[in-house]
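Working notes, beginning with the structure itself.
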Amino acid sequence: MMKKYTYTEKKDTRSGFGAGLQHLGKTNPNVVALCADLIGSLKMDAFKAENPDRFFQVGIAEANMIGLAAGLTIGGKIPFTGTFANFSTGRVYDQIRQSVAYSGKNVKICASHAGLTLGEDGATHQILEDIGLMKMLPHMCVINPCDYNQTKAATIAIADHHGPVYLRFGRPTVPNFTPADQKFEIGKAIMLNEGTDVTIIATGHLVWKAIEAGEQLAEQGISAEIINIHTIKPLDDDAILKSVTKTKCVVTAEEHQMNGGLGDSVAQLLSRRLPTPQEFVAVNDSFGESGTPDQLMTKYGLDTINIIEAVNSVMKRK
Amino acid sequence: MADLAKLQTTCVQVRRDIVRMVHAVSSGHPGGSLGCTEFLVALYQEVMNHNPKNFSMDGIGEDLFFLSNGHISPVFYSVLARSGYFPVDELKTFRKINSRLQGHPTTHDNLPGVRIASGSLGQGMSVAIGAALAKKLNKDNSIVYSLHGDGELQEGQIWEAVLYAAANKVDNFIATIDYNGRQIDGNVEDVLSLGNLKAKFEAFGWEVIETEEGNNMTAVLEGLANAKTFIGKGKPIVNIMKTEMGAGVDFMMGTHKWHGSAPNDEQLQKALDQLVGNEADY
């Protein structure tokens, strides 16, 4: 039996970030926010309106924004930077590497419009490499929550984590199903459904699709264990190993390149500790393109059906 | 009143440290280090209000310095040590395995006095401005200083920061440019000319101070004193400081060759013979 998940509305994860940041504005006087000309897109309006002294509009100058954020930590501030995922990572990789990660600065790099679901703007803006870029940096924490509530909770939680964090979220509305009061523990996987035949490990927008896949698999008589990995680094090794020990095969699902994503991290863990057949639901060495989010998720193989096919395929390899 | 003789003696000692440090590991950047010796000695031993014995990353209530051109780490380390941040004896570990004195400065090993990693150029001005913004939020009236190479100004991020600081009236910040006209591949004028640097900063809305003799302690002190008079007046301040790469060692001057080359045994001795004072080598 698949556990039943319901939702009352679809909401965008970026609005969860905006709400979390607004909450921090009221509760943590050290939190400051910076934005590179995308306040509306990042949903930072409320924080800006309520905390004008602690908000920095930096213009279209992302490299400077990362440096300013690193400097603001010197004096005890907790800077949250906001721009699209592409401009939060690839464009400023060396700034993050030297001024934030290597310097051990308490900067929270908050990135919206990650992945294909940015939609019509096309491949220039649809970064699918950001998780890989960020997780390779020593001591960088990488978080990719799945819905509005989880993104809000993650935003609030990372203010209390001392050290650099990459927080990834997106533009489209997706089912808001996680409990509003669910505690967000960095590095702690969330068990969505206990099963015995296969482990589906999903992150971000693919989590709801994993739930949908689990429901359809249950109708076929397949018992899927579904894990929501919101923290890609540090990875919850124990939760994954415990599950895979039981199911003996795994499917990973993410809105990211296969190279460098969650699937890579899981495969690395399993190859060292518990070699296991694995299939990857991810973009296969390709850029995206213009289209609606749904069209793109279908074309690039990131849909519910793709998870089901991957499960059927991996179970044959047990 | 500054004890000029003492500061000048310290400069001789710092220059001895620089050439000995790079010689010991046959690597490092002596040219720019020698050129910025007066500036850093003046800053740390006369101008800044800081607390070497009790280093804290946040530096609340202290003036802060950020070295953006991290390759001149030899002069930075020597001045930090000789200002009391860490034992002078530790200078002998420069660029060696397991040292806190990395080739380029880092916070990674908790070396007192270093607040940001630098080396990849063009990043330090943004960081310094961020720290200046934090000081304003904290109602801390201290000053933030930074140092940049002139070649470093070819990096685009510098100009993002220059634009930002003026637009946002970051007036508790003094950036100094080591205007020695040389970079690895040759003269800045030939590699990628900066054009009229003073006019550029003025056009961006900065207060511009020019220090014509950056290797003359009196001139350096006057330049910094002059710069400080513009603190709190609504504009960021830049101190365009002419220096000589390799200053103090005759055969290292007048060329870009010693930007990133270390002297051999014979050259070291020749350099030390020119750097005579009240020696207290590490």
Side-chain angles (χ1 to χ4, degrees), chain A residues 25 28-37 51-81 83 87 91-109 137-140 162-164, chain B residues 55-66 68 70 102 104-111 114-140 142 144 146 155-168 170 172-173:
Chain A
N28 191 332
N30 287 323
V31 167
V32 300
L34 304 90
C35 187
D37 196 33
N51 313 277
D53 295 345
R54 289 192 274 149
F55 183 84
F56 302 93
Q57 166 63 273
V58 304
I60 311 165
E62 295 83 4
N64 186 46
M65 176 169 73
I66 296 298
L68 293 178
L72 277 157
T73 66
I74 300 164
K77 304 304 163 197
I78 306 171
F80 283 61
T81 66
T83 182
F87 315 134
R91 188 176 183 93
V92 291
Y93 197 63
D94 190 41
Q95 284 77 17
I96 294 175
R97 183 176 180 273
Q98 176 172 286
S99 295
V100 176
Y102 185 44
S103 292
K105 297 304 182 201
N106 193 22
V107 174
K108 315 304 172 188
I109 299 156
L137 292 170
H139 310 305
M140 177 67 77
H162 190 86
Chain B
F55 174 72
S56 78
M57 178 55 76
D58 285 342
I60 304 288
E62 293 181 56
D63 294 334
L64 306 180
F65 170 73
F66 293 92
S68 190
Q102 291 290 297
H104 294 80
T106 175
T107 57
H108 204 251
D109 305 302
N110 299 317
L111 183 69
V114 182
R115 290 191 167 88
I116 196 77
S118 58
S120 178
L121 293 171
Q123 299 186 28
M125 189 180 288
S126 303
V127 175
I129 294 167
L133 295 173
K135 291 232 175 267
K136 283 180 180 270
L137 285 173
N138 290 336
K139 311 253 183 291
D140 177 344
S142 310
V144 176
S146 65
E155 290 283 4
Q157 187 183 344
I158 290 281
W159 299 98
E160 293 183 6
V162 169
L163 193 63
Y164 182 90
N168 291 280
V170 183
N172 55 343
F173 169 50

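No hydrogens, no waters, no symmetry mates; every other heavy atom, side chains included, goes into these values. We name chains A, B, ... by the order of the sequence lines, and we start the count at 1 in each one.
- Minimum interatomic distance between Ala70(A) and Val127(B) (heavy atoms only, all atoms of both residues): CB-CG2, 4.3 Å.
- At distances below 3.5 Å, not a single donor-acceptor pair connects side-chain atoms of Asp53(A) with backbone N or O atoms of Leu137(B).
- Taken to the nearest 0.5 Å, the OH atom of Tyr102(A) stands 7.5 Å off from the OG1 atom of Thr107(B).
- Sparse packing is recorded around CZ of Arg97(A), with 12 or fewer heavy atoms of other residues, nucleotides or ligands lying under 6.0 Å away.
- Between Thr73(A) atom OG1 and Arg115(B) atom CZ the span is 11.0 Å, to the nearest 0.5 Å.
- Trp159(B) places none of its side-chain heavy atoms less than 4.5 Å from the side chain of Asn64(A).
- Residues Ala134(B) and Lys77(A) share a closest heavy-atom pair of CB-CG, 4.2 Å.
- Here the straight-line distance linking atom CE of Met125(B) with atom CG of Leu68(A) works out to 11.5 Å at 0.5 Å rounding.
- Proximity of Glu160(B) to Ile60(A): side-chain heavy atoms (C-beta onward) are nowhere separated by under 4.5 Å.
- At a threshold of 4.5 Å between non-hydrogen side-chain atoms, the residues Ile116(B) and Lys105(A) count as touching.
- For Leu64(B), the part sitting under 4.5 Å from any heavy atom of chain A is the side chain, from C-beta outward, and nothing else.
- Panel note: side chain Ser103(A), backbone Ala117(B); a donor-acceptor pair is recorded below 3.5 Å.
- When heavy atoms are compared at a cutoff of 4.5 Å, Val100(A) does not approach chain B at all.
- Contact annotation for Ala128(B): neither backbone nor side-chain heavy atoms come within less than 4.5 Å of a heavy atom of chain A.
- In terms of heavy-atom pairs under 4.5 Å with chain A, the best-connected choice from Lys136(B), Lys135(B), Gln123(B) is Gln123(B).
- Separating the OG atom in Ser126(B) from the CG atom in Leu72(A) is a distance of 11.0 Å, to the nearest 0.5 Å.
- Note: Leu133(B) leads Leu163(B), Leu133(B), Ile129(B) in heavy-atom pairs under 4.5 Å with chain A.
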